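Below is one structure, written out as structure tokens, with a few remarks after it.
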Protein chains: 4
Amino acid sequence: MSPKIVDKEEKRLLIAHAAFSVFGNKGFDRTRMDDVATAAGVGKGTLYEYFDNKEDLLVGAMRVMMDGMTDGMRGALENDSPPLDKLRGLTVFMVEAMEHMGEGYRFFLEYMLHISRAGNDFPILKEMLLEFRKGIEDLLVAGVKSGDLRKDLDIVNTAATFAAWFDGAVFHWIAVPQGPSMSEMADAYMDTFFNGILDRKGGRK
Amino acid sequence: MSPKIVDKEEKRLLIAHAAFSVFGNKGFDRTRMDDVATAAGVGKGTLYEYFDNKEDLLVGAMRVMMDGMTDGMRGALENDSPPLDKLRGLTVFMVEAMEHMGEGYRFFLEYMLHISRAGNDFPILKEMLLEFRKGIEDLLVAGVKSGDLRKDLDIVNTAATFAAWFDGAVFHWIAVPQGPSMSEMADAYMDTFFNGILDRKGGRK
Amino acid sequence: MSPKIVDKEEKRLLIAHAAFSVFGNKGFDRTRMDDVATAAGVGKGTLYEYFDNKEDLLVGAMRVMMDGMTDGMRGALENDSPPLDKLRGLTVFMVEAMEHMGEGYRFFLEYMLHISRAGNDFPILKEMLLEFRKGIEDLLVAGVKSGDLRKDLDIVNTAATFAAWFDGAVFHWIAVPQGPSMSEMADAYMDTFFNGILDRKGGRK
Amino acid sequence: MSPKIVDKEEKRLLIAHAAFSVFGNKGFDRTRMDDVATAAGVGKGTLYEYFDNKEDLLVGAMRVMMDGMTDGMRGALENDSPPLDKLRGLTVFMVEAMEHMGEGYRFFLEYMLHISRAGNDFPILKEMLLEFRKGIEDLLVAGVKSGDLRKDLDIVNTAATFAAWFDGAVFHWIAVPQGPSMSEMADAYMDTFFNGILDRKGGRK
DNA sequence: TATGAATGAGTATTCATTCAT
DNA sequence: CATGAATGAATACTCATTCAT
């Protein structure tokens, strides 16, 4: 309520954004606190007023990113389109988000690696992932119910596989920038995901 | 001439293997040369007899892994099975290789991030990736020719998408070990990749 | 603005003095940064706040010493005594300075060796040396003009020779401390330098 | 007597020469045993067959140089010329030796600094120095006796001063190679040493 | 005897964190 | 609250010395 609290919260956010950007560009270990301070336009000591340490800063930066992603994902899911359209809409949103964040998304990958290594659970990350998978599962179930999708789909694993694909795609896009763009990959992926690669003119094999 | 008879090539390989393992577990920046030396059972100074510096050691370790992968991939492709079986065989090989390498594969991901960040081209990596994609493209083309696959497939991007999926899957498997196993994801992926998710009892949509 | 009020220039000087002393005692290569830090009463990291690296620290220390020498030399030269008295005064000043700096002067010798090896020009050093020689040349010229000195003197080389002698003398004094003192050598040198060693009772040879 | 002994001695000398050259170029601390081994054309381990350690190698190299110098000096002194000619001859020999050794002489300076720092007496060095001074003292005494030189000379300190001058000259010659050559300095030095700088047309001052 | 592969003690430098102002 | 000067733990890399062959 007090104006001070607002200020603090705002500054925390400012720093987290700066950290998000720098971590994405240089990687966690290669980033110096000085870099973050400079990027945020504050003194190095100030970082420690808002975050306990470098690790905590990483978590804060992560949270910033995930809040944005989660909001966007919800937007793509909470509307009245039919399930298949929602699925396409979600894909389009994800691809745009990833392309928009560009280097920043690398931060996400880096962080997943980092967490899994440290053995720390980062609940927020898992929640987001699970929420993402759950959203897809719901769409698949709705699609099956509506008769659009095959009844024999392995819902859970198909949803997991779908979610995983996105990270694989960004990964390659980032690591081999000379290769196909995110949208090209997404188009090809959606095509096979919906239709499969088998020829069915003569009926099912 | 040489007082101590040593198979330098063998020792280099021994060290590269150790490095591969340690880098995979701890990440490049978190790994100390001492860790690698201990893992390899040699003195720290010995590392520098065989590798110029830490970065060079990373490259050496990478090469070890990739040689293994490339050999395995070729084995999965060079046989007389029909294209679709080869595609399944390749997938099975990849999944098994990834599960077998486990933590080690993380090293691969880490390295791709590392390279893309450094801006260095690591030609060997790109070659492997391109060889992988090319192998898949060939299979798809063969499948189209044999009439098994849809004639309208976007070969290049579909191959890229397929290749990317693997890394996405390991990525999630490593980052969220509580989730589905590699094989479960692979089964679901292959199912949708071949058949799509659309219901076609009533004919094509 | 600045949280800790520090006179950075003063601290830089403090460190340079410490470095000067330690380098003189142990030599450049034998000196550890820790030694300098301890001698300066600061942490090792602090050295790097004020100097880029060990080499830079060496240059800084050198500058400290040379400023002192140059000031003293100017003092010995800028007065109204006749040229020969100035020459004696300069010699006395140099001998006293060298004896006073003692071990520290070794630093100067060490540094000259160091520079010439590195092939770097250290302009400050050369300037001081040239200024020293020039001062002597001026005295010699003045002495010739006043009729006190021989008209056929090779001014430039005699000045160079005179300047060189000082370093030779300290060199021996430092390397063979059991030998004659600086003042004893200086007395003998001045005697021969002024009068030569030839007997002239019977007239010039 | 046995040929082995001859071989060993020869090889020791070979190595010492190589060491002398490398130490002179790079300085003691900057020289690696590998450098010496390569320069000598032997394996690194072989150095330790002939010398206990790096320090011992330094001493050996020093001895090589000094033997050469001492022999030359004796040659310049042991003949039937009058004392003043011997003095000139000695100077000429020294200057030529120094110019000839060039970089190698730096080794001598470096070593004097090194010894004095270590606090070790290096008797051979002192003996050579003392022999040098003694030789000069004898010449001066002889010159006085023959009536060529002033009877009031401070023999000991003048000899010391004369010996010191050489090292000062090489020092400047090495450190400031743009300056006058050794011979130019030597000519100027001898001129003042013999005749002084005072004008005596009007008789002694 | 000669060698050079192996070693690990030693050191310059970096950078997260603290804390006096 | 904000700052940045100070710090020292941490770490890649070097090189004299050893010793198996």
Side-chain angles (χ1 to χ4, degrees), chain A residues 4 7-8 11 29-38 40-57, chain B residues 1-8 11 15 29-38 40-57, chain C residues 1-8 11 15 29-38 40-57, chain D residues 4 7-8 11 29-38 40-57:
Chain A
K4 287 230 165 186
D7 281 346
K8 278 216 101 178
K11 200 155 197 173
D29 289 301
R30 297 279 221 260
T31 296
R32 289 173 295 123
M33 294 301 271
D34 252 328
D35 299 329
V36 177
T38 302
V42 302
K44 198 175 6 168
T46 306
L47 300 182
Y48 289 86
E49 293 287 327
Y50 294 88
F51 297 90
D52 288 345
N53 50 38
K54 200 181 176 186
E55 189 87 18
D56 189 33
L57 192 53
Chain B
M1 271 292 170
S2 193
K4 282 188 186 172
I5 279 66
V6 173
D7 185 335
K8 293 206 100 185
K11 198 151 204 175
I15 292 174
D29 289 303
R30 296 279 223 261
T31 296
R32 288 173 297 122
M33 293 303 270
D34 253 330
D35 298 331
V36 177
T38 302
V42 301
K44 198 181 357 173
T46 306
L47 300 182
Y48 290 89
E49 292 279 327
Y50 293 88
F51 296 90
D52 287 346
N53 50 41
K54 200 181 176 185
E55 189 88 18
D56 189 34
L57 192 53
Chain C
M1 274 290 170
S2 190
K4 281 188 186 173
I5 279 68
V6 173
D7 186 335
K8 294 208 98 183
K11 198 152 204 175
I15 292 174
D29 290 303
R30 295 280 222 260
T31 296
R32 287 174 297 121
M33 294 303 270
D34 252 329
D35 299 330
V36 177
T38 303
V42 301
K44 199 179 358 171
T46 306
L47 301 182
Y48 290 89
E49 293 280 328
Y50 294 88
F51 296 90
D52 287 344
N53 50 42
K54 200 179 174 186
E55 189 87 19
D56 188 34
L57 192 54
Chain D
K4 288 231 165 185
D7 282 345
K8 277 215 100 174
K11 199 155 199 174
D29 288 302
R30 296 278 221 261
T31 296
R32 289 173 296 124
M33 294 301 270
D34 253 328
D35 298 330
V36 176
T38 302
V42 301
K44 197 175 7 167
T46 307
L47 301 181
Y48 289 87
E49 294 287 327
Y50 294 88
F51 296 90
D52 287 346
N53 50 39
K54 199 182 175 185
E55 189 88 21
D56 188 34
L57 191 55

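Please read these numbers as outputs of a predicted model, since none were measured by experiment. Chain naming here is simple, since letters A, B, ... match the order of the sequence lines and numbering starts at 1 in each.
- Taking atom CG on Asp56(A) and atom P on dA16(E), their separation rounds to 15 Å, with Å as the unit.
- With sequence neighbours excluded, the residues that form a salt bridge (Lys or Arg N to Asp or Glu O under 4.0 Å) with Asp29(D) are Arg30(C).
- At the phosphate of dA6(E), OP1 or OP2 sits under 4.0 Å from a side-chain N or O atom of Tyr50(B).
- With sequence neighbours left out, Asn53(D) forms a side chain to side chain contact (heavy atoms under 4.5 Å, CB included) with Glu55(D), Asp56(D).
- Lys11(B) has its NZ atom 10 Å from the P atom of dA5(E), to the nearest Å.
- Pairing each heavy atom of Lys54(D) with each of Thr31(D), the nearest pair is NZ-O, 2.8 Å.
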Nucleotides 10-15 of chain E: protein proximity per nucleotide (B base, S sugar-phosphate only, - neither; heavy atom, under 4.0 Å): BSSBBS

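- Consecutive Watson-Crick or G-U pairing (both distances under 3.5 Å) extending over three or more pairs maps onto DNA chain F as E:2-21 with F:2-21.
- Residues passing the side chain to side chain contact (heavy atoms under 4.5 Å, CB included) test with Asp34(A) are Arg32(A), Lys44(A), sequence neighbours excluded.
- Atom pair Leu47(A):CG and dT18(E):C1' shows a separation of 13 Å (rounding to whole Å applied).
- Counting only heavy atoms from C-beta outward, the side chains of Val42(B) and Glu49(B) never approach each other to under 4.5 Å.
- dA5(F) atom P lies 15 Å from atom CZ of Phe51(C), rounded to whole Å.
- Between Lys8(C) and the phosphate of dG4(F), there is no side-chain N or O to OP1/OP2 separation shorter than 4.0 Å.
- As rounded to whole Å, 10 Å separates atom C1' of dA6(E) from atom CD1 of Ile15(B).
- Residues satisfying the side chain to side chain contact (heavy atoms under 4.5 Å, CB included) test with Tyr50(D), not counting sequence neighbours, are Lys8(D), Lys11(D), Arg12(D), Ile15(D), Thr46(D).
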